[in-house]
Amino acid sequence: MTDVVVRAVGAATTDDPAIVAAAGLLRRGEVVAFPTETVYGLGADALNPAAIERIYLAKGRPSHNPLIVHVADLAAAQALTAQWPSTATQLAERYWPGPLTIVLPKHPSVPDSVTAGLTSVALRIPSHPIALALMRASGRPLAAPSANRSEGVSPTTAEHVRTSLGDRIPLILDGGPTTVGIESTVLDLTAARPRLLRPGMLSQADLEAVIGPIDLVRSADDDAARPAPGMLDRHYATRARLVLVGSNDGDAVRQLVGSARTRGETIGAVLIDGHRVGSVDQSITLPGDPTEYARGLYAALHTLDAAGVGLILLQQPPGSAAWDGIRDRLRRAAHP
Ligand code: TXA
Ligand code: MG
């Protein structure tokens with residue numbers, strides 16, 4: 001495929017020329033990358049199996065990892081489900097549009113390739129005006145994983161998408177940097193008790209405030225025993241080796257840095273404001289507020305990867321609940 005077209009979107013209305021072009025591609029079964037408030041998604045018509053196939057191909061995504069379906073309104077979400085519990089209504093009223101994905105029993109109209117053969121479907125109404133305009137203009141629900149090659153770091157700018165998928169997709173809608181910065185919180189409502197499958201910036205406590213107690217699913221190290229598809233531990237990986245470092249790890253860090261230097265590697269670091277680690281070649285400092293930290297995290301990882309560092313030292317963030325989603329992504333990115 002020839003090089004991708006990147007188009008800025010001005011007004012995010014259904015008659016914006018870039019939106020019209022993107023909607024046309026989607027209706028013809030093509031894929032289009034677009035911004036959501038969390039990360040950029042690689043979208044395709046969720047009801048067209050040939051279009052879904054293109055998503056898996058472009059990403060190199062294993063077919064056992066199901067996709068999130070994005071819709072523009074509640075009626076469209078309900079149309080894709082076989083059951084709609086009252087807890088879904090409560091959560092939707094409070095947090096949609098927004099960075100929450102809800103897993104529910106799927107309607108027969110949802111292709112098996114979207115759900116990787118599961119009887120459930122993951123749904124979300126994103127809040128980004130470009131995502132909403134695109135769904136309204138195309139008239140389609142959009143299956144959209146993060147717009148990066150499988151297992152890479154999710155994109156938070158159009159440029160990140162271009163670097164990862166530029167030779168594999170026809171169009172990227174550029175809406176500037178995303179604001180949430182990490183992927184949506186995923187909540188499973190198919191079991192008797194709600195289960196948190198993937199933490200995000202919308203916290204477990206935020207959800208429990210609306211629907212009561214939620215079980216936390218811990219992803220298993222053993223691939224075969226993983227409780228939910230896509231909860232593979234190796235995920236969100238940088239090319240560089242990424243090591244989480246705590247404040248008492250000084251000796252271990254000196255050793256790591258020493259052996260990286262012996263191999264001739266350059267070394268990067270992602271720090272939290274007010275902290276430092278020994279001598280590195282390039283360090284990026286992120287704010288100490290979790291909301292702002294999440295917004296900048298993936299761009300920092302993309303920057304260090306693009307700079308070609310061999311080792312990234314990542315300062316361990318606080319253990320409090322506000323950092324749950326961030327710690328989850330860092331733990332996976334640092335998985336050996
Ligand atoms: O913020 C986000 O969620 C972004 C934007 C583009 O919306 N999307 C995203 O998609 O992160 P992806 O494909 O990278 O992650 C989808 C997650 C995976 O962990 C997958 O296993 C889970 O959702 N998922 C999808 N369908 C599921 C289902 N039926 N049951 C359980 N988990 C499901
Ligand atoms: Mg992803």
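As the structure lists them, so they are numbered: ligands from 1, and atoms in each ligand from 1. Values below: all heavy atoms of this structure, side chains included; hydrogens, waters and symmetry mates excluded.
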Using a strict cut-off of less than 4.0 Å between a Lys/Arg side-chain nitrogen and an Asp/Glu carboxylate oxygen, indicate whether [X] and [Y] qualify as a salt bridge.
| X | Y | value |
| --- | --- | --- |
| Asp167 | Arg149 | yes |
| Glu151 | Arg61 | no |
| Arg124 | Glu37 | yes |
| Arg162 | Glu159 | yes |
| Asp281 | Arg261 | yes |

Close approach, [X] and ligand 1, non-hydrogen under 4.0 angstrom:
| X | value |
| --- | --- |
| Arg61 | yes |
| Ala144 | yes |
| Thr115 | no |

Should you measure from each heavy atom of [X], which atoms of ligand 1 turn up under 4.0 Å away?
| X | value |
| --- | --- |
| Ser120 | 28 (C), 29 (N), 30 (N) |
| Ile68 | 3 (O), 8 (N), 9 (C), 10 (O), 16 (C), 23 (O) |
| Ala122 | 25 (C), 26 (N), 27 (C) |
| His70 | 5 (C), 6 (C), 7 (O) |
| Pro145 | 10 (O), 12 (P), 13 (O) |
| Ser146 | 8 (N), 9 (C), 10 (O), 12 (P), 14 (O) |
| Leu197 | 31 (C), 32 (N) |
| Leu118 | 28 (C), 29 (N), 30 (N) |

Can you confirm whether more than 12 heavy atoms, excluding those of [X], are under 6.0 Å from its [atom1] atom?
| X | atom1 | value |
| --- | --- | --- |
| Gln90 | CD | yes |
| Arg94 | CZ | no |
| Gln255 | CD | no |

Check: From the Mg ion (ligand 2) out to just under 2.8 Å, does an N/O/S atom of Ser150 turn up?
Finding: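 Within the cut-off used here (under 2.8 Å), Ser150 places no N, O or S atom near the Mg ion (ligand 2).
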Checklist line | N or O contact, Tyr40 vs ligand 1, cut-off under 3.5 Å | finding: no
Next item on the list: Ignoring angles and geometry beyond distance, decide whether Thr36 reaches within less than 3.5 Å of ligand 1 through its nitrogen or oxygen atoms.
Entry: no
Using a 4.0 Å heavy-atom threshold (strictly under), name the region of [X] that reaches ligand 1: side chain, backbone, both or neither.
| X | answer |
| --- | --- |
| Pro66 | both |
| Asp188 | neither |
| Lys106 | neither |
| Leu67 | backbone |

Check: Does the pair Leu187 and Val103 meet the rule for a side-chain contact (heavy atoms from CB on, under 4.5 Å), with working shown?
Finding: CA-CA 6 Å; Leu187 182 72; Val103 176; over 6 Å; no
Check: Passes side-chain contact (heavy atoms from CB on, under 4.5 Å), Leu123 versus Ile68? Steps please.
Finding: CA-CA 6 Å; Leu123 294 165; Ile68 295 173; over 6 Å; no
Next item on the list: Mind telling me whether His160 and His302 have parallel, tilted or perpendicular rings, with 30° and 60° as the class edges?
Entry: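 Aromatic pair His302/His160 classed parallel.
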